[in-house]
Chemist: 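Below you will find the structure I want to go over with you.
The chains referred to below are lettered A, B, ... by the order of the sequence lines, with proteins before strands, and numbering in each begins at 1. The structure presented is a predicted model; accordingly, all values stated were derived computationally and were not measured.
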Number of protein chains: 2
Amino acid sequence: MTRRAAYHHGDLATAALDAALDLVAEDPSASFSLRTLAERLGVAHRALYNHFADREALLAALAARGFARLADTLATVPDPAGFLAAYVRFALDQPGLYAVMTGRQYDQINATPPLRAAVDRVIAVALDTLATRGADDDTRRREVMRVWMLAHGAIGLQRAGMLRMRSAEEFAIEVLHIARLAPPEETK
Amino acid sequence: MTRRAAYHHGDLATAALDAALDLVAEDPSASFSLRTLAERLGVAHRALYNHFADREALLAALAARGFARLADTLATVPDPAGFLAAYVRFALDQPGLYAVMTGRQYDQINATPPLRAAVDRVIAVALDTLATRGADDDTRRREVMRVWMLAHGAIGLQRAGMLRMRSAEEFAIEVLHIARLAPPEETK
DNA sequence: TGGATTATATATCCACTGGATACATTGAGT
DNA sequence: ACTCAATGTATCCAGTGGATATATAATCCA
């Protein structure tokens, strides 16, 4: 790719998402403009529209990538406490990305197949790690939702400064305890 | 004091918040512009800057009003289940306002005394209604946070389409159950 | 009272944004 | 070798938050 300055970028779509990830990390409000994104890529801002219908579509693609990463991370953790700690760490370490991920609307999620798939993969991993084996599907789903509600809510309150979470690990234990999924020897 | 209704063009500050409330109700993403707000008030957009430092300050004032309303609503409900149901209903009935309220950052909340006060009032009401009487302050605060985390998280997941909440009332029972604040004979 | 002061509203400008249209360049597929 | 669809550029547009300077109305004080 060190050929002479190519008119065609090569893979602008993924390069754009890489750069967008950086921008969101720099400014968690995700208020970056398509123009600064394009400038960082050394490209006319209008080039982005060849790969994304509009700004929202780009953010949806970014969210999909975020969920995919999150699923990858969570899949490496076998136990519920580690899972939860990893989830919370992911959200607090990359607040902008997490906001983009959780800020999409239901309609947009379903209208963007890769996003839908990435979300489903996170749910699948969560079911696998958190839910009681052998229980019926509805129960398992409820267990996951319980934990997810707590984690997602805590992250929001933490970000708003309403909550003082000590550490992700300690928080994880407490959440599992509240959700009654904590191992019995841990209660003392 | 109440003589304030016949200025040059009226009490623009509160009229602006009234109109902003309408606009946010019409478009929950709260992406309304100061210009359309001003136009609806029959005023130059620049007039708003005499009452609010910038757009963010206006949103902060709107958030303060939202928390004040929420506190009023919650204060009328004596029991935890009713409290929670009312909270969830408020958030889901006025998603745009709720987003504005919970979207502010910690720094901004503390830098805006009326907002800080309104939030504190909601916390006070919550402590009064939800927390165990006689328990020490830390425990009481933890109890409230547990419920708040669940409620706030559930609202977020519901809005994102990840959760299918049946009704506010049923949800309230379940949350209290999870948070172990439910009356002992409670069953699903 | 009436003139000055102060709060409020307007007029106009700015850099910047997302997006549209029209055109230029390129490389893949026949 | 030559299309031609995919990709990138140039330019334009209406709309945005915000700044500066100016006008007008309300209040205070001689």
Chemist: With side chains defined as the heavy atoms from C-beta onward, is the minimum distance between A:Val144 and A:Arg141 less than 4.5 Å?
Modeler: no
Chemist: With ring centroids as reference points, do B:Tyr98 and B:His152 lie under 6.0 angstrom apart?
Modeler: yes
Chemist: How long is the gap from CG on B:Leu150 to CG on B:Leu84, to the nearest 0.5 Å?
Modeler: 8.5 Å
Chemist: Would you check if A:Arg133 and A:Asp128 make a side-chain contact, meaning some heavy-atom pair closer than 4.5 Å?
Modeler: yes
Chemist: Is any side-chain N or O of B:Asn50 under 3.5 Å from a base N or O of C:dA9, one able to act as donor and the other as acceptor?
Modeler: yes
Chemist: What is the separation between atom CG on B:Asp11 and atom P on D:dA25, rounded to the nearest whole Å?
Modeler: 19 Å
Chemist: Please give, in whole Å, the distance from D:dG8 C1' to A:Glu39 CD?
Modeler: 17 Å
Chemist: Check step by step if side chain to side chain donor-acceptor pair (under 3.5 Å) holds for A:Ser31 and A:Asp27.
Modeler: CA-CA 7 Å; A:Ser31 60; A:Asp27 171 19; 2.8 Å; yes
Chemist: Rounded to whole Å, please give me the gap between CG in B:Leu41 and P in C:dT10.
Modeler: 10 Å
Chemist: Between protein and nucleotides 13-21 of chain D, map the contacts as a letter string: B base, S sugar-phosphate only, - none, heavy atoms under 4.0 Å, written 5' to 3'.
Modeler: ---BBBBB-
Chemist: Expressed as a whole number of angstroms, how long is the span from B:Leu37:CG to C:dA9:P?
Modeler: 13 Å
Chemist: What orientation do B:Phe83 and B:Tyr87 show, parallel under 30°, tilted 30 to 60°, or perpendicular over 60°?
Modeler: parallel
